[in-house]
Amino acid sequence: MEILRLALIYSLVIHYDVTARTAIFGGDHFIPSHSLGMTQHCQERYFSQRINHFGGPPQGGTFQQRYFVHDDHYTPGGPMFFYLGNEADVTLYVNATGLMWEHSSDFGALIVFAEHRYYGKSKVLNNTELQYLSVEQALMDYVTLVDFLKKSYAFDRERDAVIGFGGSYGGMLASWARFKYPNVWDGVIAASAPILSFEFDDFEYDYDFFAQGLTYDVTTAAGVGSRFCEANLRQLFASDNNDNNRLENISLAQIRSSFGICSDDNTTDDNLRGTVTGWVNEALSYMAMGNFPYPSSYILNGKGELPAFPIRVACEYLGEDFLASETKWLEGLASFAGVYYNYTKTLSCNILSEPVNKEAQIVGALWDYQYCSQIFQVFSERTSSKDMFSNNPWNGDNVAEDCYERHGFYPDRYHFPLAYGSPHDWIHTGVSNIVWSQGEYDPWKGGGVVENLTESLRTVVIAEAAHHLDLFFSHPNDTNAVIEARLIELNEIKKWIHEKKKRPMPLQAAAALQKRLR
């Protein structure tokens with residue numbers, strides 16, 4: 001059960017108070033807070049999608065897929081910038097994806113943000129039946145919507161490019177879309193996409209990549225002020241030779257008192273130590289993903305704000321050697337996690353049994369289904385100088401059994417390696433026009449592509465960046481590394497659009513055109 005807990009903590013990615021000025025709309029405008037603003041510049045629309053694109057029941061069944069369009073700067077012949085929505089309400093991405101907004105007028109682009117089926121307002125059968133929640137169904141939603149928009153805006157299919165954007169799971173979707181539907185997407189920017197985090201037969205990587213990433217983020221190498229932050233967390237997460245961590249030697253009463261657990265928290269004594277450990281781990285994981293150089297509401301789904309570099313802020317509470325004081329150690333751990341959970345700074349005690357907010361709970365239930373059906377990512381922990389966690393080696397059979405107990409079915413464990421191939425396949429089959437980006441501080445980095453595969457399958461590793469920072473709006477606190485990364489991405493986009501414009505016309509179409517011109 002422990003490895004399933006890791007999988008659920010590490011695989012759930014839920015997703016900026018910005019005051020920089022930019023010429024988004026051809027003038028000098030403030031960029032609004034990500035949780036407010038950009039949706040007011042869009043048209044909210046709905047498109048009737050088939051529930052099942054691949055035949056079978058429900059025959060003729062449809063659902064209303066929500067999407068947002070901004071066409072103020074679209075000029076005929078311009079590209080379509082299409083965001084492939086991931087596991088959240090799509091307004092989160094509308095409000096955050098500044099890379100699309102800031103450059104739409106330069107390209108004369110049509111901006112489209114499509115919501116992922118079952119999430120946000122794009123509910124399928126009122127979300128009572130989840131069997132149609134799959135990557136392939138979602139990709140076909142996007143293919144169908146792109147086709148509809150091409151017709152609606154009279155796109156020249158031979159000349160006008162469609163550029164895909166996506167971050168995290170959305171970056172995975174963008175990658176798979178380019179693999180499977182190169183006729184639809186002419187190139188994609190896939191940011192922080194852990195597309196390699198599966199059970200491959202012909203590709204090796206460290207299964208404890210996420211644990212290594214979290215460990216790195218709490219070290220002085222990642223800008224933390226004291227080496228004791230990692231040391232104090234290691235005492236919580238790593239087991240000794242008797243398979244015990246420091247919590248095992250502290251009474252339950254002291255844990256509840258020093259950790260500030262609310263009297264109405266329903267965590268049982270039997271589960272208290274494990275729940276405390278998981279609670280801190282979850283806070284660490286999300287703060288690591290949101291380890292941005294400015295205050296941001298993105299990781300909190302726009303419902304609150306984390307400080308700039310939240311890991312560094314949280315580590316200030318663990319910046320001393322607490323080996324001699326159980327009370328100070330527990331209080332430090334609670335304050336560390338409180339940077340995430342108590343983002344409002346109004347909580348007087350901690351309830352371990354509740355999510356950080358309602359949106360996180362809704363998304364978590366859907367993602368649990370997706371993980372156990374298809375997105376069977378690999379996670380392990382292996383105590384070392386690079387990994388501060390206990391030894392929990394990956395056991396796919398056990399995790400699959402846990403999924404069966406939870407949902408009544410086994411995961412399709414090898415779906416993505418078999419259906420979409422490995423980096424070796426991508427190189428030798430001519431896959432092209434993808435830029436993957438990875439942030440130095442993003443714990444997902446090790447589950448993605450971290451080096452160039454070919455001239456047209458490029459990777460940008462961004463120093464001092466966390467989860468798909470490059471997709472966000474420009475900010476005065478942006479590092480030179482993320483500014484350079486965006487320039488690389490924009491240059492690739494320009495190249496893809498140019499290539500589409502200059503692509504030789506198919507012989508049959510050329511002959512028909514010549515005939516009409518006679």
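Bear in mind that the values here come from a model prediction, so they are computed numbers and not experimental data.
Glu136 and His415 share a donor-acceptor pair across their side chains, judged by distance under 3.5 Å alone. Side-chain contact, Asp387 with Ser384: no donor N or O sits under 3.5 Å from an acceptor N or O. Side-chain atoms of Asn95 and Tyr298 include no donor-acceptor pair closer than 3.5 Å. At a cut-off of 3.5 Å, with distance as the only test, a side-chain donor of Glu199 or Trp394 sits close to an acceptor on the other residue. Looking at Arg178 and Ser432, their side chains do bring a donor and an acceptor atom within 3.5 Å of each other. Between the side chains of Tyr207 and Glu381, no donor N or O sits under 3.5 Å from an acceptor N or O. Side-chain N/O atoms of Ser168 and Trp444 include no donor and acceptor closer than 3.5 Å. Residues Tyr205 and Asp208 have side chains that never bring a donor and an acceptor to within less than 3.5 angstrom of each other. Using a 3.5 Å distance cut-off with no hydrogens or angles, the side chains of Asn52 and Gln137 do pair a donor with an acceptor. Side-chain polar atoms of Asp89 and Thr91 form a donor-acceptor pair below 3.5 angstrom.
Partners of His498 according to the side-chain hydrogen bond (donor to acceptor under 3.5 Å, both in side chains) rule, which considers only residues two or more places apart in sequence or in another chain, do not exist here. Residues passing the side chain to side chain contact (heavy atoms under 4.5 Å, CB included) test with Asp106 are His103, sequence neighbours excluded. Judged as a side chain to side chain contact (heavy atoms under 4.5 Å, CB included), and not counting sequence neighbours, the contacts of Arg157 are Asp147, Lys150, Lys151. With sequence neighbours excluded, the residues satisfying side-chain hydrogen bond (donor to acceptor under 3.5 Å, both in side chains) with Tyr441 are Arg312. With sequence neighbours excluded, the residues forming a side chain to side chain contact (heavy atoms under 4.5 Å, CB included) with Pro423 are Leu196, Phe203, Trp426, Leu453, listed by chain and number.
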Ring pair (Phe, Tyr, Trp, His ring centres under 6.0 Å) between Tyr340 and Tyr286, intermediate numbers included
CA-CA 8 Å; Tyr340 172 69; Tyr286 284 111; 5.5 Å; yes
Begin from the C-alpha positions of Phe155 and Tyr74 and carry the test ring pair (Phe, Tyr, Trp, His ring centres under 6.0 Å) through to its verdict.
CA-CA 11 Å; Phe155 265 59; Tyr74 172 66; 5.6 Å; yes
Would Tyr410 and Glu401 satisfy side chain to side chain donor-acceptor pair (under 3.5 Å), going step by step from the backbone distance to the final call?
CA-CA 7 Å; Tyr410 288 101; Glu401 287 293 339; 3.1 Å; yes
Before you tell me yes or no, could you show the steps for Ser474 and Glu102 under side chain to side chain donor-acceptor pair (under 3.5 Å), namely the whole-Å CA-CA distance, both residues' side-chain angles and the distance that decides it to 0.1 Å?
CA-CA 8 Å; Ser474 301; Glu102 290 181 347; 2.8 Å; yes
Under the side chain to side chain contact (heavy atoms under 4.5 Å, CB included) rule, what do Phe81 and Phe107 come out as? Steps first, then yes or no, please.
CA-CA 10 Å; Phe81 285 179; Phe107 289 97; 3.6 Å; yes
Kindly determine whether Glu158 and Arg503 satisfy salt bridge (charged side-chain N to carboxylate O under 4.0 Å, His left out), including the steps that lead there.
CA-CA 8 Å; Glu158 298 297 330; Arg503 190 170 67 183; 3.6 Å; yes
Show your working on side chain to side chain donor-acceptor pair (under 3.5 Å) between Asp425 and Tyr420 and close with a plain yes or no.
CA-CA 8 Å; Asp425 301 311; Tyr420 300 97; over 6 Å; no
Working note: His468 + Phe472, criterion ring pair (Phe, Tyr, Trp, His ring centres under 6.0 Å); need CA distance, chi angles, decisive distance, verdict.
CA-CA 8 Å; His468 51 74; Phe472 291 168; 5.6 Å; yes
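No more than 12 heavy-atom neighbours from other residues, nucleotides or ligands sit within 6.0 angstrom of CZ on Arg227. Heavy atoms from other residues, nucleotides or ligands lying under 6.0 Å from NZ of Lys501 number more than 12. Around CD of Gln131, the count of heavy atoms belonging to other residues, nucleotides or ligands within 6.0 Å exceeds 12. Surrounding OH of Tyr404 are at most 12 heavy atoms belonging to other residues, nucleotides or ligands under 6.0 Å away.
The heavy-atom pair separating Ala114 from Tyr67 by the smallest distance is CA-CB, 4.0 Å. Closest heavy-atom contact between Pro443 and Asp217: CD-OD2, 4.2 Å.
From His407, atom NE2 reaches atom CG of Asp402 across 10.5 Å, with rounding to the nearest 0.5 Å. Between Glu115 atom CD and Leu145 atom CG the span is 11.5 Å, to the nearest 0.5 Å.
Side-chain atoms of His424 come within 3.5 Å of backbone atoms of Asp202 as a donor-acceptor pair (strictly under, hydrogens ignored). For the pair Ser390 (side chain) and Phe237 (backbone), a donor-acceptor distance under 3.5 Å is present. At least one donor-acceptor pair closer than 3.5 Å links the side chain of Ser122 to the backbone N or O of Arg66. Of the possible donor and acceptor atoms, one in the side chain of Gln49 sits under 3.5 Å from a partner among the backbone N and O of Asp141.
Taking the six-membered ring for Trp and thresholds of 30 and 60 degrees, Phe113 and Trp101 have nearly parallel ring planes, at less than 30 degrees apart.
Using a cut-off of 4.0 Å between Lys/Arg side-chain N and Asp/Glu carboxylate O, Asp186 and Lys500 are scored as salt-bridged. Residues Arg486 and Asp470 are not paired through a salt bridge, judged by the lack of any N-O separation under 4.0 Å between the basic side chain and the carboxylate. Look at Asp368 and Arg406 and you find a salt bridge, because one of the NZ, NE, NH1 or NH2 atoms lies within 4.0 Å of a carboxylate O, short of that distance. With respect to the salt-bridge test (charged N to carboxylate O, under 4.0 angstrom), the residues Glu230 and Arg234 qualify.
The ring of Phe148 has its center closer than 6.0 angstrom to the ring center of Phe47. A distance below 6.0 Å separates the ring centres of Tyr169 and His116. Taking the centre of each ring, Tyr83 and Phe165 stay at or above the 6.0 Å mark. Ring-centre distance between Phe409 and Tyr369: below the 6.0 Å cut-off.
Pairs passing the salt bridge (Lys or Arg N to Asp or Glu O under 4.0 Å) check and including a residue from residues 437-459, sequence neighbours excluded, read Arg458-Glu492.
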